[in-house]
Amino acid sequence: MNARSLVVVSAGLSQPSSTRLLADRLAAATLDRLSALDAPTTVEVIELRDLAHDITNNLLTGFAAPKLQAALDALSHADGLIAVTPIFTTSYSGLFKSFIDVIEPTALTDLPVLIAATGGTERHSLALDYAVRPLFTYLHTVVVPTAVYAASSDWGSGAAAGGAASGGGGLAARIGRASSELATLVAASDRSSRVLDPFALPAGFSPTGA
Ligand SMILES: Cc1cc2nc3c(=O)[nH]c(=O)nc-3n(C[C@H](O)[C@H](O)[C@H](O)COP(=O)(O)O)c2cc1C
């Protein structure tokens with residue numbers, strides 16, 4: 001089997017971005033575990049901030065510019081996805097959702113996904129489970145059980161290091177658990193070696209798709 005393909009989507013707007021920082025920590029931890037599983041893996045990071053204009057144009061015209069199309073193609077062939085959004089008004093950000101809206105609805109079927117988010121307050125961590133998880137379930141992906149939320153208070157505290165001071169349940173511990181879950185699924189995935197037929201019909205010939 002070829003090297004596995006891990007795609008990381010980060011929807012942070014700030015520069016520097018705590019969302020991107022969390023995405024990088026999750027990617028590094030997942031790669032460590034994939035290496036322990038003897039599963040060579042390539043990583044591609046998609047910064048939605050850089051695609052914001054292309055995403056809006058795609059929503060308006062129905063066509064993806066080359067950079068956006070490359071990102072969409074990478075997702076279609078990925079063995080795993082780390083999806084990280086900032087929480088805006090207790091949900092995923094508008095940019096994150098707009099990107100999801102330009103993905104072909106069946107393109108992510110079977111894709112193992114680790115969902116994560118950053119927020120100003122720890123009180124909004126459940127947004128991952130009431131907003132982000134159902135979105136990926138609808139797209140027929142396989143979302144790992146552990147979702148990772150980092151509030152502002154997680155950064156720079158003992159919790160970010162995940163050491164004894166955090167009681168072992170801090171951000172680093174959550175990152176470790178979630179990345180192990182994702183790595184196991186990525187190592188077993190054959191999505192990147194599947195040959196997709198560009199001329200395949202989305203359904204049968206009948207108007208009902210039967
Ligand atoms: C318009 C807006 C709405 C926000 N709403 C929330 C919110 O409901 N809950 C929360 O915890 N943080 C909220 N935040 C804070 C961001 O989630 C937080 O600053 C995030 O980590 C920023 O990510 P970035 O550094 O990658 O840009 C909001 C920020 C903005 C700009």
Side-chain angles (χ1 to χ4, degrees), residues 6-31 43-60 67-68 70-72 74-75 78 80-103 108 113-139 141 143-162 165-167 169-179 182:
L6 178 65
V7 174
V8 181
V9 169
S10 176
L13 297 183
S14 315
Q15 285 187 311
S17 154
S18 58
T19 306
R20 175 61 188 268
L21 180 61
L22 180 59
D24 288 345
R25 293 268 306 264
L26 288 164
T30 305
L31 282 181
V43 184
E44 180 167 343
V45 179
I46 300 172
E47 264 291 356
L48 296 191
R49 192 180 195 284
D50 300 335
L51 295 174
H53 293 99
D54 286 349
I55 292 168
T56 306
N57 287 338
N58 191 345
L59 288 170
L60 296 175
K67 229 166 76 175
L68 175 58
L72 297 173
L75 276 173
L81 168 66
I82 295 172
V84 196
T85 177
I87 296 301
F88 283 1
T89 326
T90 73
S91 189
Y92 35 68
S93 73
L95 178 60
F96 184 82
K97 180 59 163 56
S98 294
F99 178 64
I100 296 292
D101 291 346
V102 300
I103 298 172
L108 305 191
V113 182
L114 191 172
I115 53 171
T118 59
T121 168
E122 55 270 27
R123 286 194 295 277
H124 288 170
S125 61
L126 270 181
L128 275 165
D129 284 313
Y130 65 66
V132 184
R133 189 180 294 277
L135 186 64
F136 283 100
T137 301
Y138 172 75
L139 293 169
T141 65
V143 186
V144 300
T146 304
V148 180
Y149 183 84
S152 304
S153 55
D154 278 311
W155 301 111
S157 68
S166 69
L171 180 57
R174 301 199 301 274
I175 289 172
R177 194 167 58 236
S179 4
L182 181 66

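Remember, it's 1-based here, ligands and their atoms both numbered in the order they're listed.
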Top protein contact for [atom], by heavy-atom distance:
atom: atom 7 (C) of ligand 1; result: H124 ND1, 3.4 Å
atom: atom 13 (C) of ligand 1; result: I87 O, 3.0 Å
atom: atom 15 (C) of ligand 1; result: G120 N, 3.7 Å
atom: atom 20 (C) of ligand 1; result: T118 OG1, 3.5 Å
atom: atom 5 (N) of ligand 1; result: T89 N, 2.9 Å
atom: atom 23 (O) of ligand 1; result: T19 OG1, 3.3 Å
atom: atom 27 (O) of ligand 1; result: S14 OG, 2.6 Å
atom: atom 2 (C) of ligand 1; result: F88 CD1, 3.8 Å

* Look only at interatomic distance and state if P16 has a nitrogen or oxygen under 3.5 Å from any nitrogen or oxygen of ligand 1. =>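 No, P16 has no N/O under 3.5 Å of an N/O on ligand 1.
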* Any N or O of T90 closer than 3.5 Å to N or O of ligand 1 ->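 N/O-N/O distance below 3.5 Å exists for this pair.
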* Considering the options L48, I46, N57, I55, which one meets the side chain to side chain contact (heavy atoms under 4.5 Å, CB included) requirement together with L68? ->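 It is I55; the other options fail the test.
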* Can you tell which of L21, T19, D24 makes a side chain to side chain contact (heavy atoms under 4.5 Å, CB included) with V84? ->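 It is T19, the one option of L21, T19, D24 that forms the side chain to side chain contact (heavy atoms under 4.5 Å, CB included) with V84.
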Is there a side-chain contact between [X] and [Y], using heavy atoms and a 4.5 Å cut-off?
X: L126; Y: Y149; answer: no
X: K97; Y: D101; answer: yes
X: F88; Y: L95; answer: no
X: V8; Y: L26; answer: no
X: L6; Y: E44; answer: no
X: I100; Y: L135; answer: yes
X: T118; Y: I87; answer: no

[X] neighbourhood, listing ligand 1 atoms whose heavy-atom distance to it stays under 4.0 Å:
X: S17; answer: 24 (P), 25 (O), 26 (O)
X: Y149; answer: 11 (O)
X: T121; answer: 10 (C), 11 (O)

* Check each heavy atom of W155 against ligand 1 and say whether those closer than 4.0 Å belong to the side chain, the backbone, both or neither. =>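 Neither; no heavy atom under 4.0 Å.
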